[in-house]
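The structure under discussion appears below in the form of structure tokens.
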Amino acid sequence: MNALVTVTGDVLIVVGALVFTTAALGVLRFPDAYTRLSAVGTAGGIGIIFVVSGALLHLPSVPNLVKVIVIIALQLITSAIGSIALARSTYLTRTPLHRPAYDELTSSATHGK
Amino acid sequence: MTWLSWPIRLLVFTGWFAKEIVVASAVVLRDNLTPGQASTPGIAHYATRCRTDAELTLLAALITLTPGTLALGTETTPAGARVLFVHGMYNVDADALRTELRDMEGRMLHAVRRRGGRS
Amino acid sequence: MIGIDIGILLITVACLASTYRMLRGPTEADRAIAGDLLLFGVVGLVALFGVRAASTYTFDIVLITALVGFLGALSLARALTRGKR
């Protein structure tokens with residue numbers, strides 16, 4: 001029983017770390033800043049959730065469970081707000097899009113303040 | 001009656017959104033791990049049906065949390081409609097992206113509003 | 001225990017890759033986004049090292065690291081626009 005919990009924790013940690021590695025691969029391979037930000041979003045969302053849940057299974061206790069729930073909720077909120085802030089500044093600094101299939105922001109009058 | 005179903009609607013939406021994050025992450029990760037680029041990136045103009053700024057903020061946060069889509073900015077038209085600019089990676093054109101957003105927005109509004117309703 | 005070591009190794013590789021992107025650019029926005037990934041990587045590493053040491057305070061420190069990382073991301077976004085708008 002105890003070994004099973006630990007092994008499940010190991011699996012969750014490795015899966016989360018793999019999400020991190022693929023996000024880093026995306027940062028290296030994707031063509032422009034906007035698509036790279038999408039890749040980082042996967043690491044900040046499910047990557048952290050997997051790693052922290054796996055860590056909880058290695059140190060299981062009720063106070064830790066509460067802390068992990070708080071961490072996951074805060075992480076979801078803050079990573080979303082951080083990504084929006086970065087996306088907005090990226091656009092405001094006139095970072096070019098790489099071969100867009102469609103772009104309705106540049107043609108809009110106000111440039112999305 | 002609709003008040004009683006509010007927590008249930010919120011729970012159903014949370015479950016649906018968790019599923020959606022996993023599906024979208026899988027799409028991004030697969031494109032990432034296979035050689036070449038399968039993405040068709042672009043920015044769409046999306047007129048939301050949100051009535052308050054709180055609903056708009058929540059919608060922008062949910063869009064950004066879904067891997068592959070990214071909320072870039074907002075504006076309010078003179079008519080009072082709240083508009084979002086959304087960057088999407090895996091939709092063939094702006095209308096396909098708007099259809100997806102409309103589905104998610106409808107589910108979110110139905111879950112968040114105490115009285116329900118999608119418009 | 002071996003899973004924790006593999007996890008630390010993989011996240012370290014991710015941090016090194018984002019450092020490379022931070023040094024290479026090409027635009028300032030790319031550097032800021034790579035910095036964001038680096039902040040997330042630090043949160044993951046703090047969690048894993050805490051579990052490895054079996055420390056009681058692991059999750060408190062992870063919580064604080066995540067919040068500091070959020071402030072870092074906001075500062076990066078602000079610095080990108082030179083504090084205007």
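To find a chain, count down the sequence lines: A is the first, B the second, and so on, and within it residues start at 1.
- In terms of heavy-atom proximity, A/L28 sits nearest to C/R21 at O-NH2, 2.8 Å.
- Of the atoms belonging to A/T90, heavy atoms from both backbone and side chain fall under 4.5 Å from chain C.
- Summarising the geometry of C/L80 relative to A/S89, their closest heavy-atom pair is CD2-CB, 3.7 Å, with the distance given to 0.1 Å.
- With a 4.5 Å cut-off on side-chain heavy atoms, C/F59 and A/V70 do not count as touching.
- At a 4.5 Å heavy-atom cutoff, the contact between A/L37 and chain C is made by backbone and side-chain atoms alike.
- Between atom CG of residue C/L74 and atom CG of residue A/L86 there is a gap of 8.0 Å, rounded to the nearest 0.5 Å.
- Heavy atoms of C/L63 lying under 4.5 Å from chain A belong to its backbone as well as its side chain.
- Every residue two or more places apart in sequence or in another chain was checked for a side-chain hydrogen bond (donor to acceptor under 3.5 Å, both in side chains) with C/S55, and none qualifies.
- Annotation: side-chain hydrogen bond (donor to acceptor under 3.5 Å, both in side chains) contacts of A/S83 (sequence neighbours excluded): none.
- Contacts between A/L25 and chain C at a heavy-atom distance below 4.5 Å are absent for every atom of the residue.
- Proximity to chain A at a heavy-atom threshold of 4.5 Å picks out C/G44, C/A47, C/L48, C/V51, C/A54 from residues 44-54 of chain C, in numerical order.
- Taking chain C as the reference chain and counting heavy-atom pairs below 4.5 Å, the highest number among A/A55, A/G82, A/G54, A/A39 is found for A/A55.
- Atom CZ of C/F70 has more than 12 heavy atoms from other residues, nucleotides or ligands within 6.0 Å.
- A/L18 touches chain C through backbone and side chain together, each having a heavy atom under 4.5 Å away.
- Comparing C/T58, C/I8, C/V13, C/D36 by heavy-atom pairs within less than 4.5 Å of chain A, the highest count is held by C/D36.
- Scanning for side-chain hydrogen bond (donor to acceptor under 3.5 Å, both in side chains) contacts around A/D10 gives A/H58, with sequence neighbours left out.
- Contact of A/V14 with chain C is made through backbone and side chain together, with heavy-atom distances under 4.5 Å.
- The shortest heavy-atom contact between A/I71 and C/V62 is CD1-CG1, 3.8 Å.
- The line from OG1 of C/T27 to CG of A/D32 is 9.0 Å long, rounded to the nearest 0.5 Å.
- Taken from CD1 in C/I2 to CD1 in A/I13, the straight-line distance is 12.0 Å, to the nearest 0.5 Å.
- Only the side chain of C/L67 comes within contact range of chain A, with heavy atoms under 4.5 Å apart.
- Separation of atoms CZ (A/R36) and CG (C/L37) is listed at 12.0 Å; rounding is to 0.5 Å.
- No side-chain heavy atom of A/F20 sits under 4.5 Å from any side-chain heavy atom of C/L10.
- C/I11 and A/A17 get closest at one heavy-atom pair: CG1-CB, 3.9 Å.
- Rounding to the nearest 0.5 Å places OG of A/S38 at 9.0 Å from CD1 of C/I33.
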